Number of protein chains: 2
Amino acid sequence: MAISTGAGDPDRTLPLLWRRELGVQTGSRGPKQRVSIDAVVEAALALAVDEGIEAVSMRKVAERVGIGAMSLYTYLPGKAELLDLMVDEAVGRAPREAGRGSTPRERLELLAREEYGHFRAHPWLLAVDVSRAPLGPGSSERYEYQLGLVEGLGLDDVDQDAVVALVAGFAASVARVAIESERTRRASGVSDEEWWGRNAVVLERVMDGSRFPLSGRVGQAVGERFASAISADYQFEFGLGRLLDGIDALLAEVRP
Amino acid sequence: MAISTGAGDPDRTLPLLWRRELGVQTGSRGPKQRVSIDAVVEAALALAVDEGIEAVSMRKVAERVGIGAMSLYTYLPGKAELLDLMVDEAVGRAPREAGRGSTPRERLELLAREEYGHFRAHPWLLAVDVSRAPLGPGSSERYEYQLGLVEGLGLDDVDQDAVVALVAGFAASVARVAIESERTRRASGVSDEEWWGRNAVVLERVMDGSRFPLSGRVGQAVGERFASAISADYQFEFGLGRLLDGIDALLAEVRP
DNA sequence: GAGATTAGCGTACGGCGTACGAAAAAGCTA
DNA sequence: TAGCTTTTTCGTACGCCGTACGCTAATCTC
């Protein structure tokens, strides 16, 4: 399933995202709301952490906050909007310490580590399709923070955007494979060794030496060097080094 | 949603993936199967292309091949395995022309363009969580092909793996944002201009000039330069340049 | 107090993956 | 040829999901 967001009407979603800035517009008549939107979002976040994003259903979220399932719809238009709020909240809580780096390279490296760590700590985030999610305070603040890391380096505006997108996208990309392999390992309840052992019987029948020579050699080397658990971490370190080298070359050209 | 795969038992999935190499093990007694696994996979692929991955349900796939929904379970253990087969099939069909590049840099550039183009052409692929998906013939052949592009450059086995993963991961990462923004644009049925116009009312109230100065300036520059449709394409070109610069620097060090 | 408004929520609908078991088809054995 | 065994087919059903609809009850305004 694609846990997707962004399908909601922006006219409905934006005021929800910026609810703290705009103030809650609740009617004065009728019964008071028994809980708050923040409590709903918080419950959904907790549920995602505890049981994974696919366990976040309207019924379960409602149960967590102590109201009926359909009562949720007096707080939110639907599930898509709830996911929007969850994502913006989580993005807004990512650390913002990369400004401490003393060189541009160091700042971008810290940014990449921050993003990587945040996605590893909140794996459900990458399982939500966020396509043109309405701009909320969390993602806006993070974007502003990221741009601040490359301000004044001689890059034009478009390339400032491109650099931070490149670094953040790289971190998300590696985090995604790390998370996916970790989740499957957990779900299957089988260690890497046993998993490969069970595969070996079939694979050896099929991979006669001549058909996949490089894969056989390289796959073995990778497998020997790393438990696949930490293979993603090496991917991250290796890729980050290359990426920062490439960005440094650009910065050297444009240095003001 | 996370349309997830890899939950299946590899003892069941691997023989399905390598069915052409191993031969189909169908019992001789009883009724003949009315269709083939290949027909099932093909129908699922067509369905994913026509209506998107979230429309791929067991009931609809069965209807497309002309059997009852529950009959599918005599071909496959479940939906997870069907997704495994779809992904491996689609990956195996990606073009493999990057070997024509005359320099390592050129080959990796072609690889990135190939991957990017393939994901753009088969957007449903990136919506499937493939975590430690059992190795099938399609992904095995592609991995072998990718490794061939960086063979003999002086990289050790582990870094050969890391380089191709970096380039392919980058392409997938940019393709993902391109696809997601395109899908949302289509789903909302609203042009970029109109979408921003509807957001502007709320955003202007909230983004007083002082809170997000960089975002405001850069966001405007990006918006003016690109319709957001082609913004991903610039991200790709920009990122690819930096990435290849960084890899080139490494290759210059290790050149044999 | 009367009326208007709004939150809460029970019920229900159409979708999903798939467990279960009956029916039917085909080959093997006697 | 008759009966048995194996295997495919598939109708029904269960428990999930998101959410449309409409009633009840709480609370403010007049």
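This is a predicted model, so every value here is computed, not measured. Residue numbering restarts at 1 for every chain, and letters A, B, ... go by the order of the sequence lines.
- Counting only distance, with no hydrogens or angles, the side chain of B:Glu81 and the backbone of B:Gly78 share a donor-acceptor pair below 3.5 Å.
- For A:Arg34 and C:dC9, the CZ to C1' distance is 9 Å, given to the nearest whole Å.
- Applying the side chain to side chain donor-acceptor pair (under 3.5 Å) test to pairs two or more places apart or on separate chains, those with a residue in residues 30-53 of chain A are A:Arg19-A:Asp38, A:Arg20-A:Asp38, A:Glu42-A:Arg93, A:Asp50-A:Arg64.
- Between B:Trp124 and B:His122, the ring planes lie perpendicular to each other; the angle is over 60°, past the 30° to 60° tilted range.
- Salt bridge B:Arg211/A:Glu21: present, at least one basic N to carboxylate O contact under 4.0 Å.
- Here D:dG11 presents its P atom at 13 Å from CG of B:Leu72, a figure rounded to the nearest Å.
- B:Leu76 places its CG atom 13 Å from the P atom of C:dA19, with the value rounded to the nearest Å.
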The test is side-chain contact (heavy atoms from CB on, under 4.5 Å); show your working for A:Tyr75 and A:Leu16 and say whether it passes. CA-CA 9 Å; A:Tyr75 295 81; A:Leu16 284 170; over 6 Å; no
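- The aromatic ring centroids of A:Phe170 and A:Phe236 lie less than 6.0 Å from each other.
- Partner of A:Ile53 under the side-chain contact (heavy atoms from CB on, under 4.5 Å) criterion, out of A:Leu125, A:Leu83, A:Leu47, A:Leu126: A:Leu83 alone.
- In this structure, B:Thr74 reaches the D:dT9 phosphate: one of its side-chain N or O atoms is under 4.0 Å from OP1 or OP2.
- With A:Arg96 as the fixed residue, the salt bridge (charged side-chain N to carboxylate O under 4.0 Å, His left out) test singles out one of A:Glu114, A:Glu141, A:Glu115: A:Glu141.
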How far apart are the C-alpha atoms of B:Tyr116 and B:Asp233, what are their side-chain angles, what is the distance that settles it, and do they pass the side chain to side chain donor-acceptor pair (under 3.5 Å) test? CA-CA 10 Å; B:Tyr116 186 64; B:Asp233 288 341; 2.8 Å; yes
Write out a two-atom table: protein N or O, nucleotide N or O from nucleotides 17-19 of chain D, distance below 3.5 Å.
from	atom 1	to	atom 2	distance (Å)
D:dC17	OP1	A:Ser57	OG	3.0
D:dG18	OP1	A:Met58	N	3.4
D:dG18	OP1	A:Lys79	NZ	2.9
D:dG18	OP2	A:Met58	N	3.0
D:dG18	N7	A:Arg59	NH1	2.7
D:dG18	O6	A:Arg59	NH2	3.0
D:dT19	OP2	A:Tyr73	OH	3.0
D:dT19	OP2	A:Lys79	N	3.0
D:dT19	O4	A:Arg59	NH2	3.1

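- C:dC9 atom C1' lies 14 Å from atom CD of A:Glu63, rounded to whole Å.
- As rounded to whole Å, 13 Å separates atom P of C:dC16 from atom CD1 of B:Ile53.
- Nucleotide C:dG17 holds its C1' atom 12 Å from the CD atom of B:Glu81, rounded to whole Å.
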List the protein contact pattern of nucleotides 21-30 of chain C with one symbol per nucleotide (5' to 3'): B for base contact, S for sugar-phosphate-only contact, - for none; contact means a heavy-atom distance under 4.0 Å. ----BBBS--
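- If you measure from atom CD of B:Glu51 to atom C1' of C:dG15, you get 14 Å, rounded to the nearest angstrom.
- Of the side-chain N and O atoms in B:Ser71, one or more sit less than 4.0 angstrom from OP1 or OP2 of D:dC10.
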